[in-house]
Asker: 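Take a look at this one; I'll ask things after.
Atoms within each ligand, like the ligands themselves, are counted from 1 in listed order. Everything numeric in this text was worked out from a predicted model, so none of it was measured.
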Amino acid sequence: MTANWAGRAATVVLAGATSVALLAGPALAAGPVVGAPTAGDPYFPLQGNGGYDVGHYGLTLDYRPGSGQLTGMATIDATATQSLRRFDLDLRRTMTVSSVTVDGRRAAFAQPADLRQELVITPAAPLAKGAGFTVVVRYSGMPRPVTDPDGSIEGWVPTEDGAFVVNEPQGSPSWYPCNDTPRDKAGFDITMTVPDGVTAVANGVLVDTVTAGGRTTYRWSQPRPMSTYLAFVTTGVFRISTGTTPAGIPYLNAVDPSQAAKSRPVLAKLPAMFDFFQSLYGKYPWNSGGALVDNAPEVGYALETVTRPEFDRAPDELTLAHEIAHQWVGDDVTLARWRDIWINEGFAEWSSWYWSEHTGQATAQQIFQRLYATPAKDTGFWNPPPGNPGSAADLFAGSIYDRGAMTLQALRVEIGDDSAFLGLLHDWVQAHRYGNATVDDFVTFTEKRFPQLDLAHFFSVWLYQPGKPTGW
Ligand code: TRP
Ligand code: ZN
């Protein structure tokens, strides 16, 4: 499933193609084409592909923590959006592909050395535009973490007892073949076999477990459309607990025993957090909730994996609130391009401030004022402006979070009426369910709703002007 921003980009590409076809004659436009090797995001030029739309990933995996060996079979259901004679999936070359079929027929494939995450697939027969098709990829290898332009690691991160798996922004192809653009959302069924004593936890609900010959298979299912960077299957020794929030959201927590004591008082607040953000943003978008707390401190951050955010250690209260809020702002309404990261992080961070306010701790305005006292000369705090990080190296800069949340708190004050502001946030989420959005989409959405306010100036100061915002 591909959402609207991609549609707009595709229109531009098609307009170009039409003029070429006119010059070259209609014959050129007719035949099956080679799908683009990219979704066109300048921050990650090899990420995503063109020519098709994934509807569902079925991943059947086997992991041996001792040797680090991962063996996988990915069954990918997709629809061709162009007539295709060739197309790519994203998969790192650390994973070796042994076979590919398309609709049950053996397909030719290559993992070119100069394109480190492209799996190039040539089906036995071209795919018709609009046709559904199924790709099955068998692969194996020793997945390794990916290092990002900001120096952080992600993807498949081996731990003492398994592996901690977090994919934002480009870790997914370290362990499964996919169309790795945040705009191609799909359902996921993840099945993982591990040695007895190790638990595999993934997105969604646990369908069943089967134990045989010293190994256990865990089957997880999350059928709603989600972005590839939000999928996970983390393995290790975990204590599992389950429950249902007062508002009726089922949840499952998985906690590494080394983190259990420290996590307990924080996780006690988890049900109330899910219910609070549901009352703020609207119906919970997923089939389960919860949290996974591992012991993987070398990762250095948490991630809002769909249904069950992951923590590399026992979280503090506001980090837990931030990741749970992401289930709506980030996971349900997802950035359209990586430069739109404020759509995820500004909103999740502000949400954690609002949780603080809701529970009688510091109000969002008090947190704003404390941060706003940061001197203008502390340019590292204020830059880059949250509306445009400038490059992948600054994707998770502190300003995206702090100044990003301050932008929303300043907007709250500007609007002046809390029910109008909270209604804006609620309706923003509801208007983009299971979709994608740009920073500009939010600006336009807000300006339409409050035509009496001069928000063009407000947003240009807070989102785009370098340095400490003044005079908005
Ligand atoms: N999106 C995560 C959060 O805010 C943070 C995150 C993901 C991150 N990948 C990262 C932070 C890489 C720094 C570096 O919850
Ligand atoms: Zn976040």
Asker: Do we see a donor-acceptor contact under 3.5 Å between the side chains of His56 and Asp189?
Answerer: yes

Asker: Return the set of protein N, O or S atoms whose distance to the Zn ion (ligand 2) is under 2.8 Å, each given as residue and atom.
Answerer: His322 NE2, His326 NE2, Glu345 OE1

Asker: Name the closest protein heavy atom to atom 15 (O) of ligand 1, giving the residue it belongs to and the distance to 0.1 Å.
Answerer: Glu323 OE2, 2.5 Å

Asker: Going by the atom numbers of ligand 1, which of them fall below 4.0 Å from some non-hydrogen atom of Glu304?
Answerer: 1 (N), 2 (C), 3 (C), 15 (O)

Asker: If we only count N/O pairs under 3.5 Å, is Asp148 in contact with ligand 1?
Answerer: no

Asker: Would you mind telling me if ligand 1 is within reach of the side chain of Ala302, the backbone, both or neither, using heavy atoms under 4.0 Å?
Answerer: backbone

Asker: Does a side chain donor of either Trp355 or Glu317 reach within less than 3.5 Å of an acceptor in the other side chain?
Answerer: yes

Asker: Run the numbers on Gln170 and Glu154 for side-chain hydrogen bond (donor to acceptor under 3.5 Å, both in side chains), then give the verdict.
Answerer: CA-CA 8 Å; Gln170 54 164 349; Glu154 84 234 14; 4.8 Å; no

Asker: Measure Asn344 to ligand 1 on non-hydrogen atoms and call it side chain, backbone, both or neither using the 4.0 Å cut-off.
Answerer: neither

Asker: Side-chain donor-acceptor pair under 3.5 Å between Asp184 and Thr181, yes or no?
Answerer: no

Asker: How far is atom 6 (C) of ligand 1 from its nearest protein heavy atom, and which residue and atom name does that atom have?
Answerer: Tyr301 CD1, 3.6 Å

Asker: Under the 3.5 angstrom rule, does the side chain of Lys468 hit a backbone N or O of Thr374 as a donor-acceptor pair?
Answerer: yes

Asker: I'd like to check which ligand 1 atoms, numbered from 1 as shown, lie under 4.0 Å from a non-hydrogen atom of Tyr401.
Answerer: 1 (N), 2 (C), 3 (C), 4 (O), 5 (C)

Asker: Please check if the side chain of Asp340 supplies one atom and the backbone of Val439 the other of a donor-acceptor pair under 3.5 Å.
Answerer: yes

Asker: Which residue and atom name correspond to the protein heavy atom nearest atom 13 (C) of ligand 1, and how close is it?
Answerer: Phe396 CB, 3.6 Å

Asker: Taking Gln47 for the side chain and Pro169 for the main chain, is one N or O donor matched with an acceptor at less than 3.5 Å?
Answerer: yes

Asker: Please check if any side-chain donor atom of Glu345 sits under 3.5 Å from a side-chain acceptor atom of His322, or the reverse.
Answerer: yes

Asker: Considering Gly171, Ser152, Pro309, which one's heavy-atom position lies nearest to atom 14 (C) of ligand 1?
Answerer: Ser152

Asker: With distance as the sole test, does Trp328 use its side chain to make a donor-acceptor pair with the main-chain N or O of Gly282 at under 3.5 Å?
Answerer: yes

Asker: State whether a side-chain donor-acceptor pair under 3.5 Å links Tyr43 with Arg337.
Answerer: no

Asker: With no hydrogens and no angle check, do the side chains of Gln361 and Thr359 hold a donor and an acceptor under 3.5 Å apart?
Answerer: yes

Asker: Suppose I only count heavy atoms of Glu168 and a 4.0 Å limit; which atoms of ligand 1 are within that range?
Answerer: 1 (N), 2 (C), 6 (C), 7 (C), 9 (N)

Asker: Please work out, at 4.0 Å between heavy atoms, whether the side chain, the backbone, both, or neither of Glu154 comes within that distance of ligand 1.
Answerer: neither

Asker: Enumerate the atoms of ligand 1 whose separation from the nearest heavy atom of His322 is less than 4.0 angstrom.
Answerer: 3 (C), 4 (O), 15 (O)

Asker: Can you find an N or O of Asp150 that's nearer than 3.5 Å to an N or O of ligand 1?
Answerer: no

Asker: Could you walk me through whether Thr334 and Tyr229 pass the side-chain hydrogen bond (donor to acceptor under 3.5 Å, both in side chains) check?
Answerer: CA-CA 11 Å; Thr334 307; Tyr229 77 90; 4.9 Å; no

Asker: Between Ser258 and Asp256, is the side-chain hydrogen bond (donor to acceptor under 3.5 Å, both in side chains) condition met? List the steps.
Answerer: CA-CA 5 Å; Ser258 72; Asp256 185 296; 2.8 Å; yes

Asker: List ligand 1 atoms under 4.0 Å from Glu345, heavy atoms only on the residue side.
Answerer: 1 (N), 2 (C), 3 (C), 4 (O)

